[in-house]
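Quick note: numbers below take in every heavy atom, side chains included, and nothing from hydrogens, waters or symmetry partners. Just so you know, ligand 1 is whichever comes first in the structure, and atom 1 is the first atom listed for that ligand.
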Amino acid sequence: MLFYPPYAGPPLGAPLSLLGLASPLLEAGFEVKLVDDLIAPHYEETILREAQDALLLGISVLTGPHIGAAVRVSRAVKKLRPNLPIVFGGWHASLATPQTLREPYVDAIVRGQGELTLLELTQRLAGGQDWHGVRGLSFKDADGRIVHEPERPVADINTLPAPAYHLADPGIYAAVSGSRQLAYTSSVGCPYQCNYCTDQVFYKRRFNAYRVERVVSELADLVPRYQIEHVPLFDSNFLVDRKRAVAIAKGIVASGIRFQWDFQTSTDFLALMSEEDVHLLAESGVHHIGFGTESASQEVLALMNKRFQHVDQMVETARKTSLAGIHVVFNIILGYPGESEAQREQTFRIMSDIAKEYSNISFSPNIFTPYPGIPIWPQLKELGVREPQSLEEWETLALGTNVLPWLRGEELRRLHRSLEYFLLNNQIRKVTKKIPWAKRSVRRFLGAPVRWRIGKSRYSFPWELWVSRAVEKVVTRRSLLTGRPLAERTQEVC
Ligand code: B12
Ligand code: SF4
């Protein structure tokens with residue numbers, strides 16, 4: 001039995017992690033029961049019922065709200081069937097393994113890519129063998145001692161079976177999320193090493209991608225079979241191999257199958273593409289792209305180990321996607337260690353200038369949130385950031401939770417204020433006929449003073465905020481995966 005706990009975020013269709021893990025198990029003859037909170041609100045009852053005769057309970061755990069239900073369910077299952085092995089996997093469990101395994105209800109952790117490790121573990125369990133020697137596994141042995149087996153090399157994803165899409169009915173997911181979506185991963189891994197990101201820890205900087213033919217033929221099969229309207233790609237950085245990306249787009253066009261798809265990538269790669277190739281992406285159905293732009297200060301980008309990215313590439317990305325009619329979200333990290341207020345204001349100014357020119361750009365600004373295993377932790381500790389000391393302490397660390405000792409008091413208040421202006425500016429520049437007349441007029445009226453304030457970094461007596469609050473709700477965060485709005489109030493961002 002595999003469980004995907006409730007999370008904070010947009011409904012994205014069936015959890016790909018569990019579908020991927022299920023495939024090799026099914027091929028080996030095991031029965032797999034998936035429990036996803038999104039479509040099974042009474043998940044606890046279901047799990048306790050199914051636990052009666054399960055061989056193993058596997059739980060996927062990301063940092064943040066996922067943890068709460070994972071802990072609750074594990075405790076309840078341990079009470080009912082103390083000998084049922086509970087195995088945690090996924091990013092949080094893999095990046096904070098010793099701390100997670102300390103919990104009495106966790107018997108084992110599958111670190112990193114999970115398909116082959118879980119299969120081997122399940123086979124050992126079914127055969128009554130012990131777990132010593134299963135690569136990629138950390139576990140408690142018969143005497144309760146903790147054993148960390150060596151890492152399992154990341155498998156070429158072309159050698160893994162396709163996720164077991166048939167286990168998840170897209171119709172049921174559509175009822176919850178509002179559209180028939182199918183999450184898909186065409187690659188894992190990113191060659192970069194941004195020092196707030198753990199992709200390098202998980203996938204060792206290797207771009208590990210399906211061949212073009214596999215992507216095209218799987219999508220051409222799955223989309224009509226499940227009447228899919230929308231495919232969010234979960235790749236870390238889809239455009240690492242631009243030739244492959246263009247060939248996939250061509251293949252989709254040639255297949256004649258129509259659907260929308262989105263992906264995330266970095267601006268350096270998109271900026272290098274020709275206008276024709278970006279058009280081709282749009283023609284094949286790409287309607288949104290998420291970018292981790294993070295800052296428009298070259299010094300801050302250097303602090304993030306993001307020297308590969310430059311402001312002119314952001315502008316070029318905005319220009320080419322705008323020409324192609326693709327909607328784009330630029331993510332912004334605020335309060336990164338070493339970022340000065342002047343650099344932050346520079347980011348707001350430059351980003352606002354780009355957005356003024358290209359109306360297809362939206363932003364998703366967040367206070368820097370340090371997740372487990374990110375390479376910059378030693379420096380953060382020196383700066384006084386306290387690392388959560390238990391699995392449950394990590395639960396409260398949702399995106400944007402401000403744990404930064406250097407971002408407090410007056411400076412934090414100023415950040416909130418300038419951020420509100422930045423977001424308001426981003427919203428009021430979108431004056432379309434679809435917006436009611438009164439709102440449109442207010443937006444026109446506020447445009448010039450708001451732009452002036454951002455240009456001069458002057459934010460006292462914020463009358464424009466008071467006026468705008470009276471007439472509209474400002475979108476503060478957007479999903480990088482789909483571009484859709486997330487939290488509704490600025491306070492939820494910071
Ligand atoms: C999609 C996604 C989400 C979706 C997933 C929903 C869905 N229906 O699928 C949602 C919206 C939940 C989400 C939320 C967040 N996410 Co997210 N997300 C991703 C993304 C883009 C893809 C994940 C994915 O499905 N990959 C494909 C599958 C096949 O891979 P996988 O999930 O890693 O699963 C494999 C292994 O991890 C392992 N495994 C996973 N679960 C289990 C369970 C068991 C039992 C076993 C044995 C193995 C195992 O085996 C799987 C197959 O190899 C990744 C980035 C990436 N490129 O992977 C970020 C990523 C996982 N997310 C990240 C972050 C930071 C978040 C948030 C904390 C941020 C936020 N916005 O608040 C939240 C946390 C939400 C919460 N706790 O409530 C970080 C990791 C953070 C962390 N330490 O957990 C990542 C790596 C992005 C990054 N580069 O920083 N996310
Ligand atoms: S480009 Fe994105 S995925 Fe790659 S290391 Fe940087 S933040 Fe992580």
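- No side-chain donor from either of Tyr210 and Glu218 sits under 3.5 Å from a side-chain acceptor of the other.
- For Thr198, the heavy-atom gap to ligand 1 stays at 4.0 angstrom or more.
- Contacts with ligand 1 closer than 4.0 Å are made by heavy atoms of both the backbone and the side chain of Thr63.
- A distance of 6.0 Å or more separates the ring centres of Tyr173 and Tyr226.
- At the shortest separation from atom 8 (Fe) of ligand 2 among protein heavy atoms lies Cys197 SG, 2.4 Å.
- Per-residue contacts place Gln113 under 4.0 angstrom from the following atoms of ligand 1 (heavy atoms of the residue considered): 53 (O).
- Those atoms of ligand 2 that come under 4.0 Å of a heavy atom in Tyr196, given as number and element, are 7 (S).
- A distance of 6.0 Å or more separates the ring centres of Tyr196 and Phe368.
- For the ligand labelled ligand 1, residue Gly20 lies outside the 4.0 Å heavy-atom shell.
- Under the 30°/60° scheme for interplanar angles, the aromatic rings of His288 and His327 are found to be tilted.
- Close approach of ligand 1 to Leu481 is summarised as follows: ligand atoms under 4.0 Å from at least one heavy atom of the residue are 1 (C).
- Here atom 13 (C) of ligand 1 lies nearest to Leu62 when heavy atoms of Asn237, Leu480, Leu62 are compared.
- Among Gly112, Ser17, Pro372, the residue whose heavy atom lies nearest to atom 36 (C) of ligand 1 is Gly112.
- Near Cys197, meaning under 4.0 Å from any of its heavy atoms, are these atoms of ligand 1: 89 (N).
- Between Tyr4 and Tyr7, the two ring planes are perpendicular [angle over 60°; tilted spans 30° to 60°].
- Applying ring-ring contact (aromatic ring centres under 6.0 Å, His included) to Trp91 and the options Tyr371, Trp394, Phe202 leaves one that passes, Phe202.
- Within the 4.0 Å heavy-atom cutoff, Pro5 does not count among the residues contacting ligand 1.
- Heavy-atom proximity to Leu21, at under 4.0 Å, picks out these atoms of ligand 1: 42 (C), 43 (C), 44 (C), 46 (C), 48 (C), 49 (C), 50 (O).
- Nearest to atom 37 (O) of ligand 1 by heavy-atom distance, out of Gly189, Cys194, Gly90, Gly114, is Gly90.
- Of the candidates Tyr371, Phe263, Phe234, it is Phe234 that places a heavy atom closest to atom 22 (C) of ligand 1.
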